[in-house]
Structure formats: structure tokens, C-alpha cells
Amino acid sequence: MTVENEAQAAAVEAPAAAPPAGNPSLLALPTFLVGSITLGLWLVGYLPTALPGGLIAAVFFASGIGVLASGLWAARIGQSAVAGIFGMFGVFWMSFGFLVMGLVNGWFGVSSDAAAAATQVQAVQATFLISWLVVLVVVTLATMRLPLAFTLLFVVVDIAVALVLAGVLGGSTAMLTGGGIAVFVFCLIGVYIFYDAMNQELGGRALPMGAPVVK
């Protein structure tokens, strides 16, 4: 047997390398929570509504970059579904941050007339929310094979976006506040899921996540 043949035989016999292990949710969930909590505080009026730029640091740099990086991590270790979910939420936060930056800095050609500007800003915000609400509902339906805790998280996210959309379209502070409350609810679910993930990573027992809606 030649050296070349021996090398080929060794390559055939060598087992395939196992994909690297890891849990991207350990980064995705806490960075997701930073932007979510900040958004919730803004919606309920703790952060003045006249200062939307105060959202940018949390939603774009913390949540956007953190969750998107987690999606890349998940893709690296072969978790395609997780990569898709984290990547989507990362892009959501980054696009939301860009929307806020654009409106605050006048990048979108909003009219200098106050009445016209209000109508234009409402249309821009509503278009953004409608587009993302459709996608989020589809993702919720497509991931109902996940444990119940994740489905509840997605459903409450959908409700929060729908309430904010209603508040934007109707000019309703009450709806926006309701959206902020819904944000805090899905933050609590996110905290539970994060605690479970970190607890298991450190050798603890898994917490109950609930049976999937679709088996």
C-alpha cells in the first residue's frame, strides 16, 4: 500500500468531527431583555416620549448586536432553527434602532410642517409595525413545536406589537401603555427561560417549559 493509499484509508476511517457545542441563548436572552425592558419603560412613560433617542443604545447596540451575534453563534454550531429565530430578532432590534435614529435625525425626509410631519411619522411607524407583526405571527405559528414557554413568549411579543400598532394608528396613550405592560410580561417569560438555560449550563436541573402545542 502506498503512502497515498494509507492516507486515504485513514481519512475514510477517521470519524467525522462533532460540531462544536454551546448554547447561544445565554447571550441572546439577556441582550434581548435589555432592549425589551428599555422599550417597555419608554412605552409606559418612564423614559419621556419626547426623547425616543434614548432607546437607541439599548435596542440597537445591546439587543440588536447581541441577539444577531447569538444567531451567528447558533448557525456556527448547526442550530438552524435557533439561528433563524435569533437572527430575525436581532435584525428586528437593529431595524427598530435605525428607525428611531432616522426619525430623530431627520434622515427620512419628514416634512418641516408639524401637521404633515405627524402624519408621515405615523405612516412610517405603522408600516414598520405592520410588516414585523405579520412576520412575528408567522414565526409564532411555525415554531409551535417548541416547548410551551417559547410559544407563550412569541404570542405575548405579538400582542405587544399589535397594541403598539393600535396605539400608533389611534394616537392612544392607553394602547401604548398596554403594549408596555405586554413587553414586561414577555420579559418575565424571557427571564424564566434564561434562568433555566443558565441553570442547566451550570449543572442544575431543567425547569418545566410546558408541552408543545403541536407535537
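Values reported hereafter were calculated over all heavy atoms of this structure, with side chains retained and with hydrogens, waters and symmetry mates removed.
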Value for CD1 (Ile65) from CG (Leu68), rounded to nearest 0.5 Å, stands at 8.5 Å
Does one hydrophobic cluster hold both Leu29 and Met209, with members joined at side-chain heavy-atom distances below 4.5 Å? yes
For Ala116, the side-chain contact (heavy atoms from CB on, under 4.5 Å) test, sequence neighbours excluded, returns Ser111, Asp113
Determine, using the 4.5 Å side-chain heavy-atom cutoff (strictly less than), whether Tyr46 and Leu39 are members of one ILVMFWY cluster.
no
Residues passing the side-chain contact (heavy atoms from CB on, under 4.5 Å) test with Ala62, sequence neighbours excluded, are Val34
Separation between CD (Gln125) and CD1 (Ile130), nearest 0.5 Å, reads 11.5 Å
Distance col, row Ile193:CD1 vs Phe32:CZ, nearest 0.5 angstrom, shows 9.5 Å
Sequence neighbours excluded, the answer for side-chain contact (heavy atoms from CB on, under 4.5 Å) partners of Ala69 is Leu27
In short, side chain to side chain donor-acceptor pair (under 3.5 Å) pairs touching residues 23-35 with sequence neighbours left out are Asn23-Ser25
same_hphob_cluster(Val135, Leu146) at 4.5 Å side-chain heavy-atom cutoff = yes
side-chain contact (heavy atoms from CB on, under 4.5 Å) filter on Leu152, not counting sequence neighbours, yields Leu148, Ile189
Do the side chain of Asn199 and the main chain of Ala206 share a donor and acceptor less than 3.5 angstrom apart? no
Across all chains, not counting sequence neighbours, the ring-ring contact (aromatic ring centres under 6.0 Å, His included) partners of Phe184 are none
Side chain to side chain donor-acceptor pair (under 3.5 Å) filter on Ser36, not counting sequence neighbours, yields none
CG (Leu55) and CG (Leu47) are apart, to the nearest 0.5 Å, by 5.5 Å
Closest non-hydrogen atoms of Val82 and Ala74, given as atom of the first, atom of the second and distance, are CG1-CB, 3.8 Å
Of all heavy-atom pairs linking Ala160 and Gly179, the shortest is CB-O, 3.9 Å
Residues 85-110, side-chain donor-acceptor partners within the protein, below 3.5 Å, at least two apart:
unit_1: Ser95; atom_1: OG; unit_2: Val91; atom_2: O; d: 3.0
unit_1: Ser95; atom_1: OG; unit_2: Phe92; atom_2: O; d: 2.8
unit_1: Ser95; atom_1: OG; unit_2: Trp132; atom_2: NE1; d: 3.4
unit_1: Asn105; atom_1: ND2; unit_2: Met101; atom_2: O; d: 2.8

Report task. Mind running side-chain contact (heavy atoms from CB on, under 4.5 Å) on Trp73 and Gln79 for me, showing each step along the way? Result -> CA-CA 9 Å; Trp73 177 5; Gln79 298 181 2; over 6 Å; no
Excluding Leu188, membership of its hydrophobic cluster (Ile, Leu, Val, Met, Phe, Trp, Tyr; side-chain heavy atoms within less than 4.5 Å) reads none
- Taking the side chain as every heavy atom from C-beta outward, state whether Leu43 and Thr177 have any atom pair closer than 4.5 Å. no
All heavy atoms of Leu133 vs all of Leu165, minimum pair found to be CD2-CD2, 4.2 Å
Residues pairing under side chain to side chain donor-acceptor pair (under 3.5 Å) where one sits in residues 141-166, two or more places apart or in two chains, turn out to be Thr140-Asp158
Is the shortest side-chain heavy-atom distance between Phe154 and Met144 below 4.5 Å?
no
### Message
Please determine whether residues Val185 and Val157 belong to a single hydrophobic cluster, defined as Ile, Leu, Val, Met, Phe, Trp and Tyr linked transitively by side-chain heavy-atom distances below 4.5 Å.
### Response
yes
Consider only side-chain heavy atoms of I, L, V, M, F, W and Y, link residues closer than 4.5 Å, and tell whether Val67 and Phe60 are in one cluster.
yes
Sequence neighbours excluded, the answer for side chain to side chain donor-acceptor pair (under 3.5 Å) partners of Gln120 is none
Joining Ile, Leu, Val, Met, Phe, Trp and Tyr whenever any side-chain heavy atoms lie under 4.5 Å apart, the cluster holding Leu163 also takes in Val155, Ile159, Met175
